[in-house]
2 protein chains.
Amino acid sequence: MTKHPVSLKDIASALQVSISTVSRALKNHPDISPEVTAKVQSLAREWNYSPNPLAMGLLRQQTKTIGVIVPDLVTYFYSSIISGIEQVAKENGYYIIISSSNESYEKEKECIENLLMSRVEGLIICLARDTVDYNHFDKIINNEMPLVFFDRICRTSEVSSVVTDNREIARELTIHFYDGGARRIAHIAGPQTLSIAKDRYEGYLSGLADCGFSADESLIKFTNLTESEATEATRQLLSLPKPPDAIFSVNDTVSFAAMKEIKRQGLRIPDDISLVAITDEFHATLVDPQLTNVMHPTYEIGQEAARLFLRQGKQGEKMVPMQVVLKSQLVVRASSVKPT
Amino acid sequence: MTKHPVSLKDIASALQVSISTVSRALKNHPDISPEVTAKVQSLAREWNYSPNPLAMGLLRQQTKTIGVIVPDLVTYFYSSIISGIEQVAKENGYYIIISSSNESYEKEKECIENLLMSRVEGLIICLARDTVDYNHFDKIINNEMPLVFFDRICRTSEVSSVVTDNREIARELTIHFYDGGARRIAHIAGPQTLSIAKDRYEGYLSGLADCGFSADESLIKFTNLTESEATEATRQLLSLPKPPDAIFSVNDTVSFAAMKEIKRQGLRIPDDISLVAITDEFHATLVDPQLTNVMHPTYEIGQEAARLFLRQGKQGEKMVPMQVVLKSQLVVRASSVKPT
DNA sequence: TTATGTTCCGCAAAGCTTTGCGCAAAGCTT
DNA sequence: AAGCTTTGCGCAAAGCTTTGCGGAACATAA
């Protein structure tokens, strides 16, 4: 049993032919006689030969590797997006290296450096929460290296991206609250430097307007998306002289923090407060009452991001940044329908 | 701006010295004069040189890559274990390639083939649910390639592994039910081909014995760990003439399926039925009532698995399979304490 | 001046694969 | 039989890095 993987050289010396002959025989090159070809192929199969990706990479000057940076690894949202990326990547012969920025700007820069050192062919990135300037992408963009942002994006005129229709769904959702009987609709927002947070905030305002309301400053709380700030924001909202009768929270972390705080105070959902979560079906149906939720097509986001990436890799010519917008879905459950 | 990453050759030709001189200068080899060393290092820094991992891999005959196979990617349990692996791997200059077996035996074999073709240096694996024979690891074991199992393990006399104290925690948990007032303690078990399922089942029996009970066949249901079978098992238990007053479910999927079904039938937790979940804190505290849970040290499992892996890689001599057992923690919350 | 010793650097091979080109032998034509 | 084509294979370079060894240039000693 060979300790090391078998190479063309091994086959060549076993068969007393040259390495080039083996290489050609394996791809049925017409220069090689049928007899030799047969012998080579049969031995290659028997010994389970497969080309050394390192050597191929060196030769072709490509690593067939995509770097992926996400704010965290353990959330369903990101892990299922990664699954989507992985599937398309694998189908096209690519590997992915996954890094987590832990929502930190510094860590994000570090990840990029590391991935570039690993010679990834390009990057698929979801911005960290703390990322507020975008110059660290200069090097990548200038080198015309494939780059795709998803969910939290920036520099859209230069970089392709995949997003969901955040503005629109936030608007729908706000109107849904109104239709469900809510009249004081609060919003726990995220940092306005973050594209998704900004879009959802604007959608919220737009929805309010559609319902004939103007924004009430006291019903809008900005957070940094942490559980503790979200809890605090909820607490403040609930202690208002006239508390909200519905809360639209900007993402899943905030949604669940709000829900916990509402329950902790002994308030009833949706009777006292309607709630919508941005999360997946599993989590939405896990709790009582089941949560109306905005479901993102996470797997598809990943797939689209990978496809966008691959498209960039191909056309060496003129790269036109593209933006793919996927539709989220509002699934109405008990948490947002007030008893009549 | 160079389109391609800078190589030793680029620096060498810019400085009119040989490639070997550049290589040596970068590592402060005494053969190289201080002047040349200084020039080389300064240009290397300026041009942001970093060695090509492909070339290094080819030279050293190592890819610095660990293949990781998990049953699924989107569960907190596995994704946080992967985080742990990733951290230790990165610290030691290793990359990881993650594959999902989707709980399928066939897919697991396929993943192994693919990873071997990618020239991973070894594998860290959690067995798929459907894996019932273990011959597909022969090739890896015979080649003395580093291999570590975690959580769901096999061939322990040949392969190192990381597990939690399943038997013991299952026993404790059963006794905890008894102490909490339960007298008909049911168990929704998993396939007995799976090490963890078997261990927990045995721990359950042992705990019952400690409480002076013998096992009641009707209170034990075997499932394949899917949500649907778990729901069905719960339904059967609840429809017994004398239904259980506590349910110990073998894993998180089953735990939540059981909880949902119990609630669907309008039964109260813990008043009618006590429940313990095997899950993380986030999920345990998300629901009403908060669930007593068995918390696995997931991140540490990943770290330990990676460390075991690295230890194997080093000592080329005699490889002694090691088993690391980590302690799980039983965190008591409302779901298992019956009102007195 | 010659022999010996340093100092400082380059050559080349190895690791694996692909591919343009060259070359020998065999077959064919006239 | 001489010249041409075809067939079938090998050489070598390129992609990047490390490292043993050889060697030129200079310095020192006798």
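In what follows, chains carry the letters A, B, and so on, assigned in the order in which the sequence lines appear, proteins first and then strands, with residues in each chain numbered from 1.
Across the protein-nucleic acid pair, Leu26(B) atom CG and dC9(C) atom P stand 14 Å apart, rounded to whole Å. Atom CG of Asn28(A) and atom P of dT7(D) are 17 Å apart (whole Å).
Side-chain contact of Ser118(A) with Tyr95(B): a donor-acceptor pair under 3.5 Å is present, judged by distance alone. Side-chain N/O atoms of Asp10(B) and Tyr49(B) include no donor and acceptor closer than 3.5 Å. Checking Ser23(B) against Ser20(B) by side-chain atom types alone, no donor-acceptor pair falls below 3.5 Å.
Residues Tyr76(A) and Tyr76(B) keep their aromatic ring centres 6.0 Å or farther apart.
Nucleotide dA25(C) is matched to dT6(D) when pairs are restricted to Watson-Crick or G-U wobble geometry with both distances under 3.5 angstrom.
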Sugar-phosphate atoms are those with a prime plus P, OP1 and OP2; base atoms are the rest. Using that split, label each nucleotide of nucleotides 10-17 of chain C B, S or - for protein heavy atoms under 4.0 Å, 5' to 3'. BBB-BBBB
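Between Lys107(B) and Glu110(B) there is no salt bridge, since no side-chain nitrogen of the basic residue lies less than 4.0 Å from a carboxylate oxygen of the acidic one.
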